Amino acid sequence: MSDERKILVTSALPYANGPIHIGHLVEYLQTDIWVRFQKMRGHRCIYICADDTHGTAIMISAQKKGVTEEEFIAEMSASHQTDFTGFGIEFDNYGSTNSPENLEQCNRVWKSLRDADMVVEEEIEQLFDVEKGQFLADRLVRGTCPKCGSKDQPGDNCGNCGETYSPAELVDPISGLSGTTPEIRKAKHLFVQIEKEHAFLDEWIQSGSVPTESANHLKGSFLNEPLRAWDISRPGPYFGFEIPDSPGNYWYVWFDAPIGYIGSTQQWCDKNGEKLEDWWNSESTEIHHFIGKDIQYFHTLFWPTMLKTAGFSLPTKVHIHGFLGVDGEKMSKSRGTFINASKYLEHLDPNFLRYYYASKLSSRVEDIDLNVDEFVAKVNSDLVGKVVNLASRTAKFAGAVGLSDKYPDDGGLFAEFATAGDPIAEAYEAGDFSKAMRQILELADKANPFVENNAPWELKKDPDKAQQLQDVCSIALNLFRQLSIYLAPVLPDIAEKCGELLGEPITNWEQSKTPLLGTPVNKFKHMMQRVDPKKVQAMIDESVVIEETAPAVIQNFDDSDEALKAEPIEDEISFDDFMKLDLRVARVVEANEVPEAKKLIQLKLSLGGDETRNVFAGVKEAYEPAELVGKLVVMVANLAPRKMKFGVSEGMIIASGSGKKEVYMLSPDEGAVPGQRVH
RNA sequence: GGGGCUGUAGCUCAGUGGUUAGAGCAGGGAACUCAUAAUUCCUUGGUCGUCGGUUCAAGUCCGACCGGCCCUACCA
């Protein structure tokens, strides 16, 4: 450990629009473990994070709550930090993107982009909500497609004809904020031409700073064609920083968020008498970002481009992780598996989750699954049964006499454990925590048989064997101490308790190489409770989100509000509006496989007599063509025809569900005949 | 369709081209009682998705196919 490294580590900045949940924690725990590991190895390592506080969503949430944005983000930041502290996540600095330090760094990066002639301006026609006094993001506008006349289309492209357009081209646009008709206003937007750095990115992506699988993905997608200029401005009002040389315009939240890494570092430097340049402009400092796969292109395309242009160091490594699932499914509020950090802490020990995640995380960009049964079994069996048990079963025999003065012959166990420290450290370094945990548990599996074979409980019965008893316990406790050192990045609490038990704090990895001798052994206290499955269940039960105002009559139905939340009810329409929609009962008379299509089935629908329609329906994953023939369905009969890849579709079948396999066609009760109108 | 990833025991996963493919958990049997119904020992269980190819040698490399996931294009 001669070469001390200087390492700056970040986790993605949590957005100040909601509480921390167990999905977020995959990232923060992973990063915290890595940072603690580096610190134990004697490196200079700082962990930098901040709340990501800007953007439209924050404005809307603050408005809803009736507080200022500043009040809103202050409260959220406090809540985030409480959660992080509760899980033992220790930042060296936790800042905010809404800070003077960050503004200063944004200005600096911005000036560099200007100087490098990376920024272009373009007038864009955008819709303005007069009532709310703000420009509307594309997704906040709906209206009629200018090309095909389909109603209720989003502001960026038509779901019907596929035409892309600007929201200003929509016919009869409606604001999603106020429901009023917005007016067209021109606004100047600023774009960063990252295409200018395409060659640099091609090379950087392959440099080893990005996981291979991500590099391959980027190479085959974004980098395979010219990179689109990045729209980094938003017209006011917008909660963010106003662009100094473009009054009335604000930096888009994704511009100032990553710069928040630097801004928060600046804050830390100011507090600690350090120079920012030593961390962000130094070849001897490593920079490691930990992020989720969903935001990789910000961190692997835009971010390096910004850093390079502004003369900052490039990331040494971008560690990318997958998403968290629970029991094989996405986290779900209705199932109670969307668990907030604070809710977890009400019921369970944070160390359980720290260990469980560590035992699942690898250096690959893979989703991990929190299997509830496995969670209980693994923590109880590995940590309580094997590791902690080692101390629990021997400490009290040694309490009276302490540890032996001379390390006894243990058949090479201590030396073996000490040697194992190197591969374990390698696994930690690579982010392969699951491998590290496996190796540590292998050691624990060698320590327990040692105790078994030397039966201290038998030795205790014979006063002549007192020395032997002390020796056996000294060995077992030293082995336990080695395990605690190796687990310390994951389980700092266990390391601390081990330090208390044996009278010497655990602070450094190298302590695993030398046994403790001749010191007293303190009274053993339980180091970790077993996981109580009942508490896990209680946590899940309390996390279930149900409809608040369910009328008494339907209380027996436990339908969740998930579907409604996913797609809120549309604005009110008049009866005339409704009558424009011509729904008809139709019979499927033909259903053909479209071999090249992934989602579509070609249907011939009969409205009775000779009236038929050719319809492409996106139900391939949910229905077999054969089972559809003869079926009565409900179709939109007067929908404008749409040209699709495999032909023209002349209508739409009514179905519910989120798509893919979750598609449920509606069919009439018996007696209905094709051609009948539905109203 | 294009791009990326993935398929090893009931479950979660290891397996630098080289002896009869491993671990943990779960299952079965026994021992022990120091320990938080902890521990230890023994044991059941796999055509390594399928088919080809390269090689003296393939779970491992290559190709095709089949299945799963993600992004994207066609969810009227």
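Reminder, nothing fancy here: chain letters follow the sequence lines and each chain counts from 1. These numbers come from a predicted model, not from an experiment. What's counted below: heavy atoms across the whole structure, side chains too, no hydrogens, waters or symmetry copies.
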I'd like the [atom1] distance from [M] over to [N], given in whole Å.
N: B:rU16; M: B:rC61; atom1: C1'; result: 14 Å
N: B:rC71; M: B:rA9; atom1: P; result: 27 Å
N: B:rA37; M: B:rA57; atom1: C1'; result: 50 Å
N: B:rU19; M: B:rC25; atom1: C1'; result: 29 Å
N: B:rU8; M: B:rC69; atom1: P; result: 15 Å
N: B:rU47; M: B:rC66; atom1: P; result: 24 Å
N: B:rG46; M: B:rG4; atom1: P; result: 36 Å
N: B:rC13; M: B:rG53; atom1: C1'; result: 30 Å

How about [X] and [Y]: does a side-chain donor come under 3.5 Å of a side-chain acceptor?
X: A:H289; Y: A:W303; value: yes
X: A:E195; Y: A:H198; value: yes
X: A:D349; Y: A:N351; value: yes
X: A:D202; Y: A:Q206; value: no

Could you pull out all residues at least two apart from [X] that satisfy ring-ring contact (aromatic ring centres under 6.0 Å, His included)?
X: A:F414; value: A:Y407
X: A:F524; value: none
X: A:F323; value: none
X: A:H21; value: A:H24, A:F338

What integer distance in Å separates [X]:[atom1] from [N]:[atom2]?
X: A:Q296; N: B:rC5; atom1: CD; atom2: P; value: 12 Å
X: A:Q602; N: B:rC75; atom1: CD; atom2: P; value: 15 Å
X: A:N224; N: B:rG2; atom1: CG; atom2: P; value: 13 Å
X: A:K219; N: B:rC71; atom1: NZ; atom2: C1'; value: 18 Å
X: A:L383; N: B:rC25; atom1: CG; atom2: P; value: 13 Å
X: A:L301; N: B:rC71; atom1: CG; atom2: C1'; value: 14 Å
X: A:F222; N: B:rC70; atom1: CZ; atom2: P; value: 17 Å
X: A:Q439; N: B:rG15; atom1: CD; atom2: C1'; value: 13 Å

Sub-4.0 Å heavy-atom contacts from residues 462-483 of chain A onto RNA chain B, ordered by number: none

RNA chain B contacts made by residues 204-215 of chain A, counting heavy atoms under 4.0 Å: A:E213

Validation row, ring centre A:F302 to ring centre A:W254 under 6.0 Å: no

Sugar-phosphate, base or nothing in reach of A:A617, heavy atoms under 4.0 Å: sugar-phosphate

B/S/- contact track for nucleotides 28-39 of chain B, protein heavy atom under 4.0 Å: -----SBBB-SB

Base-contact (B) and sugar-phosphate-only (S) positions in nucleotides 7-14 of chain B, heavy-atom cut-off under 4.0 Å, - elsewhere: -----SSS

Salt-bridge criterion met for A:R393 and A:E452 (N-O under 4.0 Å): yes

Lys/Arg-Asp/Glu bridge criterion (N-O < 4.0 Å) met for A:K360, A:E374: yes

More than 12 heavy atoms from other groups under 6.0 Å of NZ on A:K631: yes

Over 12 foreign heavy atoms within 6.0 Å of NZ, A:K435: no

With sequence neighbours excluded, what pairs up with [X] under the side-chain hydrogen bond (donor to acceptor under 3.5 Å, both in side chains) test?
X: A:K317; result: none
X: A:D367; result: A:K293
X: A:Y355; result: A:D382

Range-with-range stems for RNA chain B, at least three Watson-Crick or G-U pairs under 3.5 Å: B:1-7 with B:66-72, B:10-13 with B:22-25, B:27-31 with B:39-43, B:49-53 with B:61-65

Any A:Q467 side-chain heavy atom under 4.5 Å of A:D471 side chain: yes

